[in-house]
Amino acid sequence: MGWRVVLWVLLMGLVAGFPVARAGSTDVAAATTPVQVPAAIMPAAVTDAGSASPAVATDARLAGDGERTRLVMDLSRPVALGAFTLADPYRVVVDIPDVAFALPASAGREGRGLVSAYRFGLFAPGKARLVIDLTGPVKIDKAFVIDPIDGQPARLVVDLVKTDRVSFMKSVAAPVQRAQAVPALAPPTVGPDDGRPVIVLDPGHGGVDSGAVNATASINEKDVVLQIARTLRTKLMATGRYRIVMTRESDTFVPLGDRVKIARDHQAQLFISLHADSLAARTGEVRGATVYTLSDRASDAEAQRLADDENRADMIAGLDLSEEPTDVAGILLDLAQRETKNFSAQFARTLVSGVDGVARMHKSPIKSAGFKVLKAPDVPSVLFELGYLSSTKDLELMTSDAWQSKVTDAMVTAINAYFSLRERTGSVPVAMP
Ligand SMILES: [Zn+2]
């Protein structure tokens, strides 16, 4: 049980003389997420409401050592900020209004002192977030924004000092306040219920959570899967058979639980989560697409590893998960859930046979594990791992128009085949285009 301290330190004036070294090479996994700031403590004078365009972050660097570390980010103009800490793992979260990140591709990928890495990106519409991973417990000594002066840009400054776990835990968010850190989701809309089944397309990651990153090619999983989801949506809508909902349509963060909720709220008949992850070098040149379904026991070690990675998305974006159940065991219990599981497996097989031959498939292309995003008990759900960004060959294919076109065509065919079968067996309404 933790306690949270939210620090609102605004425009505190110039801090000079702190030697600031440019971070060597840092790959930007561009992402920021803003936290919802209670109106009462967001001073009106410094909110960005009414500003025509977002402030632009142009550079960032770390300075200091294992006792005291400073993060500085250059901004085109001052913004309001809020900062707080999260435990397990140790993180500092800085929330700012809408900021456009134009940082070097390396920003945040290498640490210094008390900081092991940091991420930035959209967290919710109009809100950006900086998530700082720590090497150990810290105290936020200061967090403020300096006005531009003497030709210097405005600067966001976060000063961290080393502390012990007991002191750190006293500063961590209290449950009530934590709830405010979850972004308000504008529910995606779909036309009026005309009897056609709803399919939810879920481009993985987004905003402050880049997903897998191929640093060499400067390609992020979140961008690749959003592009493919958009293409797939267009093609599915063109069939006239379905209503389509996207869990996100832009580069913003959506918590895993909200993705599941979107599917349930729309009484979706199918949920497809799209991913393109990467593997550590030790696993060699693994390639190919894989379709995952939910199970409480992973089909193999690789499926377990992937589910662990994907389930970390909320943590990466700076949500506090300390009160969330850590596993999905025991959720596949009742009859409806068993039916959902059967439909998920049926669709997984249909999808694999449809895409096989078009995309290169993994040597065992159907697997299962405890993915949080697949746990809607009443919505057949699969997670489609399109390939590995860590594979040069996969990367080349996945980012090519030709490959995306072929694969989305094959997916539409597989989806049509699945729904045709379910219509024949009376388990979904017959589409009336
Ligand atoms: Zn992913």
Side-chain angles (χ1 to χ4, degrees), residues 27 29-31 33 109 117 119 121-122 131 200-215 217-232 246-260 262-263 271-280 283 286-294 298-319 321 328 348 351 355 359 361-362 365-375 381-391 394-395 397-399 404 407 411:
D27 272 20
T33 356
R109 306 208 35 105
R119 298 173 289 284
L122 268 190
V131 182
V200 173
L201 302 180
D202 175 48
H205 313 279
V208 69
D209 170 22
S210 297
V213 175
N214 186 309
S218 285
I219 300 227
N220 292 329
E221 177 183 4
K222 65 177 182 177
D223 300 325
V224 173
V225 296
L226 179 59
Q227 193 175 10
I228 292 170
R230 284 179 177 147
T231 305
L232 181 59
M246 304 260 285
T247 54
R248 67 178 177 95
E249 302 198 38
S250 59
D251 183 16
T252 190
F253 171 72
V254 181
L256 294 173
D258 286 3
R259 298 170 191 254
V260 175
I262 289 167
F271 176 92
I272 305 173
S273 192
L274 295 169
H275 290 262
D277 281 279
S278 65
L279 290 173
T283 50
V286 179
R287 287 188 53 201
T290 312
V291 179
Y292 290 88
T293 58
L294 178 68
S299 53
D300 61 23
E302 189 191 352
Q304 181 68 56
R305 180 205 56 79
L306 185 75
D308 290 346
D309 276 2
E310 299 296 1
N311 290 346
R312 265 198 288 274
D314 291 351
M315 182 276 289
I316 284 169
L319 294 193
L321 308 176
V328 293
L351 183 58
V355 176
M361 303 304 290
H362 191 281
I366 298 183
K367 298 186 181 199
S368 64
F371 292 91
K372 283 186 193 171
V373 80
L374 299 182
K375 71 179 192 178
S381 302
V382 302
L383 185 146
F384 189 12
E385 191 74 38
L386 293 150
Y388 294 101
L389 283 184
S390 48
S391 156
D394 275 4
L395 175 75
L397 288 171
M398 282 188 291
T399 53
Q404 291 187 2
V407 167
M411 289 182 76

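The analysis underlying the following values was restricted to heavy atoms, covering all of them including side chains, and did not include hydrogens, waters or symmetry mates. Counting starts at 1 for both ligands and their atoms, in listed order.
Here the N, O or S atom of Glu310 that is nearest to the Zn ion (ligand 1) is OE2.
Listed for the Asn311 side chain is a donor-acceptor partner under 3.5 Å among the backbone atoms of Lys372. Looking at Arg119, its side chain never comes within 3.5 Å of a backbone N or O of Gly207 through a donor-acceptor pair.
The nearest N, O or S atom of Glu221 is closer to the Zn ion (ligand 1) than 2.8 Å. Among the atoms of Glu385, no N, O or S atom falls under 2.8 Å of the Zn ion (ligand 1).
Residues satisfying the ring-ring contact (aromatic ring centres under 6.0 Å, His included) test with Phe271, not counting sequence neighbours, are none. With sequence neighbours left out, Glu221 forms a side chain to side chain donor-acceptor pair (under 3.5 Å) with His205, His275.
One finds an angle of 100° at the Zn ion (ligand 1) between NE2 on His205 and ND1 on His275, to the nearest 10 degrees.
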